[in-house]
Asker: 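Can you read through this structure? Questions will come right after.
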Amino acid sequence: MKFCVTTPIYYVNGDPHIGHAYASIAADILARFKRLDGWEVHFCTGTDEHGIKVARSAEAAGMDVNKFCDVTSQKFRDLGKAIKLSNDDFIRTTEERHIASSRELWRRLAKDVYKDSYSGWYSARDEEYVPEEDLVDGKAPSGAPVEWMEEESYFFRLSAYQDRLLEFYEKNPDFIAPASRRNEVVSFVKSGLRDLSISRSKFDWGIPSPDAPGHVMYVWIDALANYVTSLGFPENIERVSEMMANCIHVVGKEILRFHAVYWPAFLMSAGLTLPKRIFAHGWWTSEGQKMSKSIGNVVDPQEIVEKYGLDPIRYFLFREIRFGEDGDFSENALRRRISYDLANDLGNLVQRVLTFVQKIGGLRVNYDFGADERPLFDDSRNLVEKLRVLMDKQDLNGALGEIWRLISFSNRFVDHMKPWELAKTNESKLDLVLTALCESIRAIAFGIAPFMPDTAGKIFDFMNVEGKSFREINVNFTNPTFKPPFPLFPKE
RNA sequence: CGCGGGGUAGAGCAGUCUGGUAGCUCAUCAGGCUCAUAACCUGAAGGUCGGAGGUUCAAAUCCUCCCCCCGCAACCA
């Protein structure tokens, strides 16, 4: 039972923002869920460091390019710490292992690679080709003059993979998610694929293409290869195959095409196993507007985590919208979620039940459930199975909805059973009710653990539960000693 | 006529295939209850279902036309 999940490797050209944190946390949640469910997991993230833009940024900053990459890559590593990523690997495309892996991948593409020339409108000032339709009055969008250029380039025979790709999408309808994105990709491929220029000779900040002096690899070959590098390519092919077969690439919608079209074609050509799914997530606006530096509404993940705490942010990002769609990040909405969902529903449930257990001197376990307690107990024990189905579809929003159904049911159960009255009138009934509630709280803690590891940890600690595996849910409590709880999401 | 998705209560969405009193979650208001960071129960307010026409006893749902929004449209990480 092997499972692999990846984030995009982040381009070191800019600083981390909430979008990076979002993709990373999504992958982290999937990874943590699978680990709790007993799978061997490989969760990888990292930074993409080659390409003309990085070289130029380094120059603009007056820094050596290697040094520049060290500094910016570290920012993403720091972000990972701040949002408690449980990644097993952090890859940098400038690492030796990756350079070797990319070059080997290139060699394996050989039968589909040929040398030709690439031509187009080139802006010397911007150092890039400008697509014909982007020209403004015969100039680059930046206003720079363009000239018709031709340069030698290696090409990948992408056109040869059109039918194979379409057949693959047909046979694997869930390869691209969400479904709306799949349609975009399929219609893109159907419209006809052109061969892909995969080398550059105008700059040298890249991985040298094997057997092609003066050429470095097109950054996307280099970047995509990170996924197999991290799994041990080319030395450990067996592991690469096993992991890729059950691998989810979490990507932003803006880079879906590279992952859903080019990457499978490269893998087919190289004779490697294709990933199980490409999941394209949506984008966040901020307070109803597109995030932009000039408006000043770019959400800095570390700042917002410091202000509201990590778990509330991790919760909000996946509760507020369906994973795969766009959403709006607003502090009002965030505060509402914290107050209503976290403090009032979850926090209060744990508090009212565990405080009560303390008050009567500890839980006296009784599992002889009757018709009153049975439904709650069954829902608690069945929660993980329901979550499994949803998590396999990366329906993170649905999973949280399912957990909150159990929270809400538990709160209703307390209100109906009135344990404070049972304490005076019917102690054995009270024991049944509290046992059922402790069962549900434990199940809820496991359910939220992938999303809010710290909060789950606190509940596990209150209840002296290890919290390492979903299997613990199926073990009956045996007159446990609990610790006095404290509010999980205190209000001012 | 490039391809695709969508316009339903303050917000987010379901319902459209297989016509029949317009629904869910959250938010709002009133009353009840109170073990708790409170929750729960009961009731209420709020929509000409993008627009116009048509079919039908009956249309959010079928047909026609129109308006608006949003993706994708290749070497951009």
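Throughout, a chain's letter reflects where its sequence line sits, starting with A, and its residues are numbered from 1.
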Asker: Can you tell which of B:C75, B:C35, B:U37 lies closest to the side chain of A:Trp420?
Answerer: B:C35
Asker: Fit a plane to each ring of A:Phe266 and A:Tyr262, take the angle between them on a 0 to 90° scale, and name the class: parallel (under 30°), tilted (30 to 60°) or perpendicular (over 60°).
Answerer: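 Because their plane-to-plane angle lies in the 30° to 60° range, the rings of A:Phe266 and A:Tyr262 count as tilted.
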Asker: For A:Arg319, which residues count as a salt bridge (Lys or Arg N to Asp or Glu O under 4.0 Å) partner, sequence neighbours excluded?
Answerer: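 A:Arg319 satisfies salt bridge (Lys or Arg N to Asp or Glu O under 4.0 Å) with A:Asp341 only.
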Asker: Using nucleotides 69-71 of chain B, report all nitrogen or oxygen pairs with the protein that are shorter than 3.5 Å.
Answerer:
from: B:G71; atom 1: O2'; to: A:Arg181; atom 2: NH1; distance (Å): 2.8
from: B:G71; atom 1: O2'; to: A:Glu184; atom 2: OE2; distance (Å): 2.4

Asker: According to the Watson-Crick and G-U wobble definitions, with both distances under 3.5 Å, which nucleotide is paired to B:C65?
Answerer: B:G51
Asker: Please give the distance between the C1' atoms of B:G6 and B:A14 as a whole number of Å.
Answerer: 14 Å
Asker: Counting any heavy atom closer than 4.0 Å, what does A:Lys359 reach on the DNA or RNA strands: base, sugar-phosphate only, or nothing?
Answerer: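 Sugar-phosphate: the residue A:Lys359, judged by heavy atoms under 4.0 Å, touches backbone atoms but no base.
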Asker: Within the 3.5 Å criterion, strictly below it, is a donor on A:Ser199 or A:Ser209 matched to an acceptor on the partner's side chain?
Answerer: no
Asker: Going by salt bridge (Lys or Arg N to Asp or Glu O under 4.0 Å), name the pairs with one or both residues in residues 409-420 of chain A, residues two or more places apart or in two chains.
Answerer: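 Passing the test, one end in residues 409-420 of chain A: A:Arg352-A:Asp415.
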Asker: What residue pairs, at least two apart or across chains, pass salt bridge (Lys or Arg N to Asp or Glu O under 4.0 Å) with a residue in residues 145-159 of chain A?
Answerer: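 As it turns out, the salt bridge (Lys or Arg N to Asp or Glu O under 4.0 Å) pairs with a partner in residues 145-159 of chain A, which skip direct neighbours, are A:Lys115-A:Glu152.
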Asker: Any base atoms under 4.0 Å from A:Arg200, or only sugar-phosphate, or nothing? Heavy atoms, all strands.
Answerer: sugar-phosphate
Asker: Answer yes if the ring centres of A:Trp404 and A:Tyr315 are under 6.0 angstrom apart, and no otherwise.
Answerer: yes
Asker: Using the P atom as the point on both nucleotides, what is the distance between B:A52 and B:C13, in whole Å?
Answerer: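 Going atom to atom, P in each nucleotide, I get 24 Å.
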Asker: Rounding to an integer number of Å, can you tell me how far A:Glu421 CD sits from B:C35 P?
Answerer: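 The answer, rounded to whole Å, is 9 Å.
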Asker: If B:G71 has a Watson-Crick or G-U wobble mate with both distances under 3.5 Å, name it; if not, just say none.
Answerer: B:C3
Asker: So which nucleotide does B:G12 pair with, by the Watson-Crick or G-U wobble rule with both distances under 3.5 Å?
Answerer: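 Here B:G12 is engaged in a pair, and the nucleotide opposite it is B:C24.
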Asker: Does B:A60 pair with anything, Watson-Crick or G-U wobble, both distances under 3.5 Å, and if so, with which nucleotide?
Answerer: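 Across all strands, not a single nucleotide pairs with B:A60.
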Asker: Measure from CZ on A:Phe188 to C1' on B:A73 and round the result to the nearest Å.
Answerer: 8 Å
Asker: Which pairs, protein N/O on one side and nucleotides 39-45 of chain B N/O on the other, fall under 3.5 Å?
Answerer:
from: B:A39; atom 1: OP1; to: A:Asn344; atom 2: ND2; distance (Å): 2.4
from: B:A39; atom 1: O2'; to: A:Asp415; atom 2: OD2; distance (Å): 3.0
from: B:A39; atom 1: N3; to: A:Asp415; atom 2: OD1; distance (Å): 3.4
from: B:C40; atom 1: O4'; to: A:Asp415; atom 2: OD2; distance (Å): 2.7

Asker: Suppose the criterion is salt bridge (Lys or Arg N to Asp or Glu O under 4.0 Å): which pairs have a residue in residues 16-26 of chain A, not counting sequence neighbours?
Answerer: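 Found none.
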Asker: Which one is paired to B:U42, where only Watson-Crick or G-U wobble pairs with both distances under 3.5 angstrom count?
Answerer: B:A30
Asker: For the residue pair A:Asn366 / A:Thr435, report whether a side-chain donor-acceptor contact shorter than 3.5 Å exists.
Answerer: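 Judged by distance alone, the side chains do not pair up.
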